[in-house]
Amino acid sequence: MAELYEYKVLELREKMIGGKMSGDKLEQVLNEHADQGWRLKAITSAEVKGRIGPGGVEGLLVTFERARTN
């Protein structure tokens with residue numbers, strides 16, 4: 001039987017990870033999810049929705065995957 005996976009996508013805006021994109025902050029997010037069994041699948045630069053008003057801000061879409069437990 002084929003292994004089944006689940007996915008999680010995070011939208012990270014500059015403000016969410018401490019102003020400008022920081023390698024240390026991103027590393028912290030990746031390690032926190034790794035501790036929960038998530039594996040990094042992809043990181044995509046994208047315009048993500050801001051908190052107020054239309055339009056977006058520079059950010060990242062971070063996609064994780066892990067084997068489903070059920």
Side-chain angles (χ1 to χ4, degrees):
M1 182 175 184
E3 193 166 10
L4 301 176
Y5 294 93
E6 61 181 327
Y7 295 89
K8 180 178 195 175
V9 178
L10 296 181
E11 292 181 354
L12 299 180
R13 296 184 301 274
E14 288 183 358
K15 297 267 186 213
M16 289 178 67
I17 54 177
K20 294 204 171 217
M21 294 294 173
S22 161
D24 290 339
K25 295 287 185 177
L26 179 57
E27 184 177 320
Q28 181 180 357
V29 169
L30 296 175
N31 285 325
E32 286 172 2
H33 283 79
D35 288 344
Q36 299 170 22
W38 292 100
R39 177 172 67 175
L40 178 65
K41 183 73 173 171
I43 296 180
T44 307
S45 177
E47 188 174 287
V48 297
K49 185 177 179 186
R51 290 183 178 220
I52 302 174
V57 296
E58 280 294 312
L60 299 173
L61 295 177
V62 182
T63 305
F64 295 95
E65 80 173 356
R66 70 178 174 190
R68 287 176 47 181
T69 57
N70 54 355

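Values below: all heavy atoms of this structure, side chains included; hydrogens, waters and symmetry mates excluded.
- When side chains are defined from C-beta on, Val29 counts as touching Leu10, because their heavy atoms get closer than 4.5 Å.
- To the nearest 0.5 Å, the span separating CG on Leu60 from CG on Leu26 amounts to 6.5 Å.
- Both Trp38 and Leu40 are assigned to one and the same hydrophobic cluster, defined by single-linkage of ILVMFWY side chains at heavy-atom distances under 4.5 Å.
- In summary, of the residues considered (Arg39, Lys41, Arg68), a side-chain contact (heavy atoms from CB on, under 4.5 Å) with Tyr5 occurs for Arg39 alone.
- Within the 4.5 Å cutoff, no side-chain heavy atoms of Thr44 are placed close to those of Thr63.
- Between the Arg66 side chain and the Gln36 main chain, a donor and an acceptor come within less than 3.5 Å of each other.
- In this structure the side chain of Leu61 reaches within 4.5 angstrom of the side chain of Glu11, judged on heavy atoms.
- Closest approach of Glu6 to Ala67, counting heavy atoms only: OE2-O, 4.4 Å.
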